[in-house]
Each structure stands twice: as structure tokens, then as C-alpha cells.
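Bear in mind the structure is a predicted one, so any value in this text is a computation, not a measurement. Below, chain A is the first sequence line, B the second, and so on; all start at residue 1.
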Amino acid sequence: MSRSAARQARRSAPRTPPGTPLARAFYDRDTSVVARELLGAVLESRSPDGVASVRIVETEAYVGPHDPACHAAAGITPRTKYLFGPPGIAYVYLIYGMYWCFNAVTREEGLGSAVLVRAGAPLAGEELMMRRRPRVRSRVELTNGPGKLCLALDVGAANNGSWLDEPPVRILAGDSVPDRDVVVTPRIGITKAADWPLRYFIGGDPFVSKTPASFPRTGWPPALRDTSG
DNA sequence: ATCCGGATCGCCT
DNA sequence: GGCGATCCGGATG
């Protein structure tokens, strides 16, 4: 192991063992860091129909009231109530009157910041997810978007405000994704703060919702480059 | 491959 | 009255 690799390993010190829920303290940190570190984690939903889970491959950070694209910028409403709740709960909201979007609330209670989970790769319960999305023809359409993900996992209003370390919807530690595989770009589908680079995805993963024709392999954090050696 | 409109609810001006 | 952190189906190069 090289000197820099050893440094790297030490910096990412106490990893949660794969398959165990991420601790509530995991979410009580800078929202962009949480967004980055949720890549590779497992989003799992349990229902009477069975268990379904995905490996998270795409996230976006919505960093608080100073972020014009964040729902927190409009203040507390019945709809955004849980966005302002404690870190480690779900914020699930209805978009376009029709689809649900799933977020993990971050940082301190009352700030109003969260990570949108935009896409995942099926791990368990793929048949169940297919049954929930009968019109889907190809495998990637199952979970390659925030609304699709919620349909496949049956995430909706009932999960709003619930803790993410407890069923029915949990986030579990998964494999760690190396910086060289992480791509950072502006968030998509928004018009305000459209150039803020707060979207994170695993480069080349087929389940990413929209992959640019070419994207920088900047890794993460963008400024960190190993110049030793 | 890309563009467009429709569906439909919460909250804004 | 309008605009979304979207998805789907249909029309068009």
C-alpha cells in the first residue's frame, strides 16, 4: 500500500459494516458530503409484499434556505415540514401532483437541507419492483429516476418523516465508492441555481438517470488531486 | 435520438 | 394564473 493510499484509508476511518443501517449521526454533517457518501449505500423498503432494495448510484444535495433550488428557500409549509426535521429522517414530497421524491434529511434540525436520491441499481426484490412497474420494458427503466425509484420501492406519503435506521424504509451501508468513480455535475431538472455542482453519480453506471455525453472524471472532492509520486 | 404535451397537486404571486 | 428536484407516450428528424 502506498503512502497516500494509507492516508486515504485512515481518513475514511470507522466504516459502518455493510448491511447495517447508517447511524443518525451520519446525516448530521455537510449535505454535499452526505450526498457523496450515500453513493454505494443501500436503500431498502420492506412491505407486506416483500423486500426491495437498490444500490444508490445518483444523489443531489439541497443545502438549505440559501440554496434557491431547495424547498427550504420557500420556508416551512405543511408539505416541507419534515425537510426541517432532525437529520436521519425521510423527506418525501409530491412533485407535479403525481410522483414522489425521496430525500434523506441532513444537518441540524431546523435548517432544511437534504439529499435527493435520484437513482439506484436493483439489488433485491427485482421481481417485486417489476410488478410495481408493469409498463416498464427494460431493466434500467425500473429505478433510473427519483419518481421511478419511489414507485419501484413503494415509497410515498406514508414514509414521510420516518427514521431511516428503522423499517420500513432504511438506508444501509454498502460498498465504498472510490473518488475516481464519482462524477460531480450541476443538478438537473431545476432552473434556479442551475450551475451549482451538487449532483453526484457513479460514472458509467447504467442506472444513472441522465448521463452526459462526456463528463469530467474529476473524482471527489474536486480540488483533491494526488500529486505525490 | 430528441422534442413536446398532458397529467395533477401544493404553494406562490 | 403559473410553476415545479417527473414520467410517459407519441410525433418528428
C1'-based separation of C/dA5 from B/dT2 [nearest Å]: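 22 Å, rounded to whole Å.
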Atom P, compared across C/dG2 and B/dG5: separation rounded to whole Å: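 About 15 Å, rounded to a whole number of Å.
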Short side-chain N/O contact to C/dA5 OP1/OP2 from A/R199, under 4.0 Å: no
Side-chain N or O of A/T191 closer than 4.0 Å to phosphate OP1/OP2 of C/dC3: no
Any residue of residues 67-103 of chain A with a heavy atom less than 4.0 Å from an atom of DNA chain B: A/A74, A/T77, A/P78, A/R79, A/L94, A/Y96, A/G97, A/M98
Selection: residues 128-155 of chain A, any non-hydrogen atom under 4.0 Å of DNA chain B: none
Watson-Crick and G-U pairing of DNA chain C, under 3.5 Å, as dot-bracket with | and [ ]: ||||.|||||||.
So, the side chain of [X] versus the backbone of [Y]: is there a donor-acceptor pair under 3.5 Å, distance only?
{"X": "A/T31", "Y": "A/A114", "value": "no"}
{"X": "A/T80", "Y": "A/L83", "value": "no"}
{"X": "A/D67", "Y": "A/V63", "value": "yes"}
{"X": "A/R132", "Y": "A/A152", "value": "yes"}
{"X": "A/R55", "Y": "A/G174", "value": "no"}
{"X": "A/N160", "Y": "A/V92", "value": "yes"}
{"X": "A/T106", "Y": "A/P87", "value": "no"}

Write out a two-atom table: protein N or O, nucleotide N or O from nucleotides 10-13 of chain C, distance below 3.5 Å.
none

Nearest-Å distance for atom pair CD1/P, residues A/I188 and C/dG4: 15 Å
Between P of C/dA5 and CH2 of A/W196, the distance in whole Å: 14 Å
Opening and closing nucleotides of DNA chain B in contact with chain A, under 4.0 Å to non-hydrogen atoms: B/dA7 to B/dC12
Test applied, side-chain contact (heavy atoms from CB on, under 4.5 Å); reference residue, A/V155; option that passes from A/S47, A/C150, A/C101, A/P146: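 Of the listed options, the one satisfying the test is A/C150.
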Pairs meeting criterion salt bridge (charged side-chain N to carboxylate O under 4.0 Å, His left out) with involvement of residues 120-131 of chain A, two or more places apart: A/E126-A/R139
Salt bridge (charged side-chain N to carboxylate O under 4.0 Å, His left out) partners of A/R133, counting only residues at least two apart: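 A/R133 satisfies salt bridge (charged side-chain N to carboxylate O under 4.0 Å, His left out) with no other residue.
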By salt bridge (charged side-chain N to carboxylate O under 4.0 Å, His left out) - contacts of A/E166 (at least two apart):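 Partners of A/E166 by the salt bridge (charged side-chain N to carboxylate O under 4.0 Å, His left out) criterion, ordered by chain and then number, come out as A/R24.
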Co-members of A/L111 in a cluster of I, L, V, M, F, W and Y side chains, linked at under 4.5 Å: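 Members other than A/L111 - counting any ILVMFWY side chain reachable under 4.5 Å - there are none.
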Ring pair (Phe, Tyr, Trp, His ring centres under 6.0 Å) partners of A/Y93, counting only residues at least two apart: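 Applying ring pair (Phe, Tyr, Trp, His ring centres under 6.0 Å) to A/Y93 gives A/H71, A/Y91.
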A/R118 side chain to A/S209 side chain, donor-acceptor N/O pair below 3.5 angstrom: yes
Side chain to side chain donor-acceptor pair (under 3.5 Å) against A/D28, all qualifying residues, sequence neighbours excluded: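 Result, side chain to side chain donor-acceptor pair (under 3.5 Å) vs A/D28: none returned.
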Residues in side-chain contact (heavy atoms from CB on, under 4.5 Å) contact with A/S176, at least two apart in sequence or another chain: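 If we apply the side-chain contact (heavy atoms from CB on, under 4.5 Å) test to A/S176, skipping adjacent residues, the hits are A/R15.
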